[in-house]
**Student:** 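Please find one structure pasted underneath; my questions will follow.
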2 protein chains.
Amino acid sequence: MGVRVQSDRQGKTQAQRAVLELRHMVLAGEIAAGGRLFEVELSEHLGISRTPLREALGMLEYEGLLLRRSGGGYEVREFTFDDVSDAIELRGIIEGMIARVAAERGVAPARLDVMRETVAALDTVVGTDANDVNFARYSELNTQFHLALADMAQSSVLRRELEHVTRLPFAAPGDFLNIQSQDPRFLRSLFISQAQHRAVLEAIELGEGARAEAIMREHARGARHNLQHVVRTDRSQLRNIPGLTLVDDKSLLGVKP
Amino acid sequence: MGVRVQSDRQGKTQAQRAVLELRHMVLAGEIAAGGRLFEVELSEHLGISRTPLREALGMLEYEGLLLRRSGGGYEVREFTFDDVSDAIELRGIIEGMIARVAAERGVAPARLDVMRETVAALDTVVGTDANDVNFARYSELNTQFHLALADMAQSSVLRRELEHVTRLPFAAPGDFLNIQSQDPRFLRSLFISQAQHRAVLEAIELGEGARAEAIMREHARGARHNLQHVVRTDRSQLRNIPGLTLVDDKSLLGVKP
DNA sequence: CTCAAAACTAATGTATACATAAATGGTAAA
DNA sequence: TTTACCATTTATGTATACATTAGTTTTGAG
């Protein structure tokens, strides 16, 4: 799944390391949305030959960050605000299907235990007061929760598709947790989110497929709400959401305040 | 979308042509599921250097047909019966979301007209009697219908995701239309399918998002029913479904007759 | 001045050689 | 017999040179 942990930085091959570097360059705005990528220039910049660089470009195309041009070469993909919104919702749709399938087919006790432990740990982290939230730990456990969920359907097709969607910047479950906001609505959303974690675990345990699906779809809506909250009240926080620099200004301006 | 038309055969580059050839080799069973692919051997076999061959292998990994091995290199992905089933259902889930979003956001009249014409053409092709079906034309128009639907949400994220899913063999809308069956249940499924085409068009026109979504989800179920029908009554037809050679025998045997 | 064709330059696609890592086979020790 | 180690072979990763295509500039005609 699109989880950007530090250990990814030590890629095994030059191509993999180039992926990390190029991704960073794009997300940092060093190459603008719509901007072309030139192989010779980039390979010199990264100090590698064109061969692994080309491989890296292909991988980033798979991730959805780059587009192939009809005449060859790549450009950085530009997103609209709706794209961001759709990607988040799509994640919810697929996680919803995963949760339903897990509920319908049943889950091995060991896998349920993993999720139970994660949910219990999340409960301790969230606390009972908005000032009582360990954000870093929450983010970590949130990721674990979503990884555990991805495995629950025991379906390589579903896992792979979820992985594909969440490779987009802004589409992974934890991509909105870097927002620095003291607005109580934002902080309160964590409580709601955790309630949904608990609820979907219960729905799966009880074999309630439709309920599980509905909960996960609504769960993703939380990220969409947070996105809208940021756009409306504090746009400086957009820099804390990966990939938002790639969204065109026109569609951001068009978001109703 | 995963539409395999003949014009794809003339790839612009050697890498693209290698993709076509390799895909064929895998789907024809020339390389078995789980089997390794060796670059030097394949490049000699295809008469190209390793460079475009490597590019082609990467593209087929993106399609989901090949898996990357931890020590490098690729192997052909093996599927279970459930994988096939899940892929079909997942397509329905995503097409369902597309239909809902189209209904919710509205669709430009020109796009609606395209779909109206396609549905009308499908009506003439399906006829009123099971013996009165022009299969080749149906298949063509069915593809057009699904392409038109993919465009209707006007969402690059959704279109791209649908494209990704349907790149899998057996997951594209037309992948079950090569089944040669005189069983009236199979033939009748075309009538039902076409009724669903009509219904989803109407739902989108009327802005009925939930209805549109439900119809497309059920629509994909038709392909799952046809798959089960074939497995239970006439397994010789499995060769007419792309990618079924890649499904492990064990899970095929496990399908209840 | 505009447009089309030709010439030139830059970028991408491909082949090949070299470097590095993975896999295989043989041998010795427990 | 099994396991570990080492040497050899094979396969993949990378660099570089060459071939082909795309893009830009220049020139000439109407």
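Please read all numbers here as calculations on a predicted model, not as lab measurements. Reminder, nothing fancy here: chain letters follow the sequence lines and each chain counts from 1.
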**Student:** Charged N to carboxylate O under 4.0 angstrom, A:R111 versus A:E117?
**Tutor:**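 Not counted as a salt bridge, because no side-chain N and carboxylate O are separated by less than 4.0 Å.
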
**Student:** Would you say B:R77 and A:S156 are linked by a side-chain donor-acceptor pair, where the criterion is simply a distance under 3.5 Å?
**Tutor:**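 Result is yes, a qualifying pair exists.
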
**Student:** Look at A:R50 together with A:E55 and state whether they make a salt bridge at an N to O cut-off of under 4.0 Å.
**Tutor:**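 No, this pair does not count.
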
**Student:** Ion pair present between B:E21 and B:R17, side-chain N to carboxylate O less than 4.0 angstrom?
**Tutor:**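 B:R17 and B:E21: not salt-bridged.
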
**Student:** In whole angstrom, what separates A:R69's CZ from C:dA10's P?
**Tutor:**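 Between P of C:dA10 and CZ of A:R69: 17 Å.
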
**Student:** Taking atom types as modelled and ignoring hydrogens, do the side chains of A:N142 and A:S139 form a donor-acceptor contact shorter than 3.5 angstrom?
**Tutor:**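 Not at all, the side chains of A:N142 and A:S139 share no donor-acceptor pair under 3.5 Å.
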
**Student:** What is the separation between atom CG on B:L57 and atom P on D:dT12, rounded to the nearest whole Å?
**Tutor:**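 Taking CG of B:L57 and P of D:dT12, I get 9 Å after rounding.
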
**Student:** State whether a side-chain donor-acceptor pair under 3.5 Å links B:R91 with B:T166.
**Tutor:**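 No, because no side-chain N or O of B:R91 sits under 3.5 Å from a partner of the opposite role on B:T166.
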
**Student:** Rounded to the nearest angstrom, tell me the gap between atom CD in A:E75 and atom P in D:dG23.
**Tutor:**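 Roughly 11 Å, once rounded to whole Å.
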
**Student:** Are B:E163 and B:R160 within salt-bridge range, i.e. N to O under 4.0 Å?
**Tutor:**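 Result for this pair is no, no salt bridge flagged.
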
**Student:** Which residue lies toward the 5' end of DNA chain D, A:G47 or A:S70, if each is placed at its nearest nucleotide?
**Tutor:**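 Looking at the nearest nucleotide for each, A:G47 comes out on the 5' side.
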
**Student:** For nucleotides 11-14 of chain C, list the nitrogen or oxygen atoms of the protein found under 3.5 Å from its nitrogen or oxygen atoms, one pair per line.
**Tutor:**
{"from": "C:dA11", "atom 1": "O3'", "to": "A:R36", "atom 2": "NH2", "distance (Å)": "3.4"}
{"from": "C:dT12", "atom 1": "OP1", "to": "A:R36", "atom 2": "NH2", "distance (Å)": "3.2"}
{"from": "C:dT12", "atom 1": "OP1", "to": "A:L37", "atom 2": "O", "distance (Å)": "3.4"}
{"from": "C:dT12", "atom 1": "OP2", "to": "A:E39", "atom 2": "N", "distance (Å)": "3.1"}
{"from": "C:dG13", "atom 1": "OP1", "to": "A:R68", "atom 2": "NH2", "distance (Å)": "2.8"}
{"from": "C:dG13", "atom 1": "OP2", "to": "A:R54", "atom 2": "NH1", "distance (Å)": "2.8"}
{"from": "C:dG13", "atom 1": "OP2", "to": "A:R54", "atom 2": "NH2", "distance (Å)": "3.0"}
{"from": "C:dG13", "atom 1": "OP2", "to": "A:R68", "atom 2": "NH2", "distance (Å)": "3.4"}
{"from": "C:dG13", "atom 1": "N7", "to": "A:R50", "atom 2": "NH2", "distance (Å)": "2.9"}
{"from": "C:dG13", "atom 1": "O6", "to": "A:R50", "atom 2": "NH1", "distance (Å)": "3.0"}
{"from": "C:dT14", "atom 1": "OP1", "to": "B:Q14", "atom 2": "N", "distance (Å)": "2.4"}

**Student:** Regarding B:E95 and B:H219, is there a side-chain donor-to-acceptor distance under 3.5 Å anywhere?
**Tutor:**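 No - no donor-acceptor pair under 3.5 Å links their side chains.
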
**Student:** Give the angle between the helix axes at the two ends of the helix from C:dC1-D:dG30 to C:dA30-D:dT1, taking five base pairs at each end and rounding to 10°.
**Tutor:**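 For the helix from C:dC1-D:dG30 to C:dA30-D:dT1, the axes at opposite ends meet at about 20°.
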
